[in-house]
Amino acid sequence: MRFVALVGNPKPGSRTLTVASAAAEAIALAAGIDEGYEIIDLSVLSRQLLLPEPSMAVEDATELVTRADLLLVASPTFKGTYTGLLKVFLDRLPYRGLDGTAALPLLVMASPQHALAVDVHLRPLLVELGATVPTPGLAVLESELGRLDGVLRPWANRVARLLRDPLALAGLQPEQAAALPA
Ligand SMILES: Cc1cc2nc3c(=O)[nH]c(=O)nc-3n(C[C@H](O)[C@H](O)[C@H](O)COP(=O)(O)O)c2cc1C
């Protein structure tokens, strides 16, 4: 079971990175993913992503993402959507590059007015790439960062429940669904 957390903040050491790590931990615990997860922090790839020359680090990250069985995609909310950096990275994936991946969208934001952006903007991007998105996305408000556990745990439990639901994973091939935790 390959579980990857992708973080689309251009700023190194961001709160979004902290939230994504905590969310991945909570999901691995709730879903019994003993192998844990790998994290891809796009802030360290931001320069390479904007250059025309191929970069081994970007290729490696792209391969990790396309081969993931479960992919958490976390971004700060910028201008009511996600970051340009996340889009620049995802634009490099092949057509339906997330076919066979269960994706979990997460946005960190300042304003509750943009809470729906996670399902209105980030979810369709992942679906366009071929991912199955079994749960509602998670919007984490800056004001909730001090009580992250209380926000993440219910979502992680819901993710774990849905990962066991064949209907929720109907878009996956049987062998791909089988790779997810029982
Ligand atoms: C360029 C930019 C645009 C932003 N646009 C929004 C926005 O539209 N809605 C919102 O709720 N927060 C917006 N924010 C606030 C960030 O989403 C919020 O501060 C988030 O916590 C940043 O993540 P970080 O703490 O990991 O850097 C914006 C921040 C920046 C820098």
Side-chain angles (χ1 to χ4, degrees), residues 2-31 33 36-52 55 57-58 60-62 64-66 68 70-93 98 101-129 131 133-159:
R2 290 175 295 253
F3 180 19
V4 174
L6 176 66
V7 181
N9 197 325
K11 193 170 63 184
S14 66
R15 292 178 292 182
T16 304
L17 176 63
T18 304
V19 172
S21 308
E25 291 284 349
I27 290 164
L29 188 69
I33 303 169
Y37 62 93
E38 289 197 67
I39 200 142
I40 299 174
D41 176 6
L42 293 182
S43 71
V44 301
L45 297 177
S46 52
R47 279 173 210 277
Q48 292 100 309
L49 278 168
L50 293 174
L51 294 173
S55 142
V58 171
D60 288 349
T62 306
L64 260 183
V65 164
T66 51
L70 183 61
L71 178 68
L72 173 69
V73 181
S75 172
T77 306
F78 277 10
K79 311 296 185 209
T81 61
Y82 38 79
T83 63
L85 182 65
L86 178 65
K87 186 65 162 50
V88 166
F89 176 77
L90 292 176
D91 283 350
R92 290 187 174 245
L93 301 191
L98 295 182
T101 297
L104 309 169
L106 187 160
L107 287 181
V108 181
M109 61 193 61
S111 165
Q113 279 180 339
H114 286 150
L116 276 179
V118 68
D119 282 322
V120 171
H121 298 297
L122 185 50
R123 166 188 283 266
L125 172 59
L126 301 173
V127 169
E128 168 59 26
L129 285 162
V133 184
T135 65
L138 183 66
V140 178
L141 298 173
E142 279 182 357
S143 58
E144 296 174 320
L145 292 176
R147 51 180 186 90
L148 209 44
D149 192 48
V151 176
L152 296 179
R153 204 179 314 181
W155 190 60
N157 289 337
R158 188 170 184 178
V159 168

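Whatever order the structure lists them in is the order used to number ligands and atoms, beginning at 1. This chain uses plain numbering: 1 for the first residue, then up along the sequence. If you're wondering where the values come from, they're calculated on a predicted model, not measured in any experiment.
When side chains are defined from C-beta on, M109 counts as touching L141, because their heavy atoms get closer than 4.5 Å. For the pair Y82/V118, no side-chain contact is recorded, criterion being any heavy-atom separation below 4.5 Å from C-beta on. Counting heavy atoms from C-beta on, the side chains of T83 and T16 never come closer than 4.5 Å. The closest side-chain heavy-atom distance from V151 to L138 is below 4.5 Å. Counting heavy atoms from C-beta outward, V65 and L98 have side chains that approach closer than 4.5 Å.
Protein heavy atom nearest atom 24 (P) of ligand 1, with residue, atom name and distance: N9 ND2, 3.3 Å. Of the protein's non-hydrogen atoms, S111 N, 2.8 Å is the one closest to atom 11 (O) of ligand 1. The single protein non-hydrogen atom nearest to atom 30 (C) of ligand 1 is F78 CE1, 3.4 Å, given as residue, atom name and distance. At the shortest separation from atom 9 (N) of ligand 1 among protein heavy atoms lies H114 ND1, 2.7 Å. The protein atom (non-hydrogen) at minimum distance from atom 14 (N) of ligand 1 is T77 O, 3.2 Å. The protein atom (non-hydrogen) at minimum distance from atom 5 (N) of ligand 1 is K79 N, 3.0 Å. Atom 19 (O) of ligand 1 has E142 OE2, 2.2 Å as its closest protein atom, hydrogens excluded (heavy atom only). Counting protein heavy atoms only, atom 8 (O) of ligand 1 is closest to G80 N, 2.8 Å.
Contacts of V108 with ligand 1, taken as heavy-atom pairs under 4.0 Å, involve both backbone and side chain. Contacts with ligand 1 closer than 4.0 Å are made by side-chain heavy atoms of K11 only, the backbone lying farther away. Contacts of R15 with ligand 1, taken as heavy-atom pairs under 4.0 Å, involve both backbone and side chain.
Residue S14 has at least one heavy-atom neighbour below 4.0 Å for each of these atoms of ligand 1: 26 (O). For ligand 1 and P76, the ligand atoms under 4.0 Å from any heavy atom of the residue are 22 (C), 23 (O). Under a 4.0 Å criterion applied to the non-hydrogen atoms of T16, ligand 1 contributes the atoms 23 (O), 24 (P), 26 (O).
The local environment of CG in L145 is crowded, with over 12 non-hydrogen atoms from other residues, nucleotides or ligands closer than 6.0 Å. In the displayed structure, R158 atom CZ is contacted under 6.0 Å by at most 12 heavy atoms of other residues, nucleotides or ligands.
A pairwise comparison of heavy atoms in P154 and D149 identifies CD-O, 4.2 Å as the closest pair. Residues L51 and R92 come closest through the heavy atom pair O-NH2, 3.5 Å. Residue Y37 comes nearest to S21 through the heavy atom pair OH-O, 3.4 Å, listed as atom of the first residue, atom of the second, then distance.
Of the N or O atoms in M109, none lie within a sub-3.5 Å distance of an N or O in ligand 1. At least one N or O atom of A110 sits closer than 3.5 Å to an N or O atom of ligand 1.
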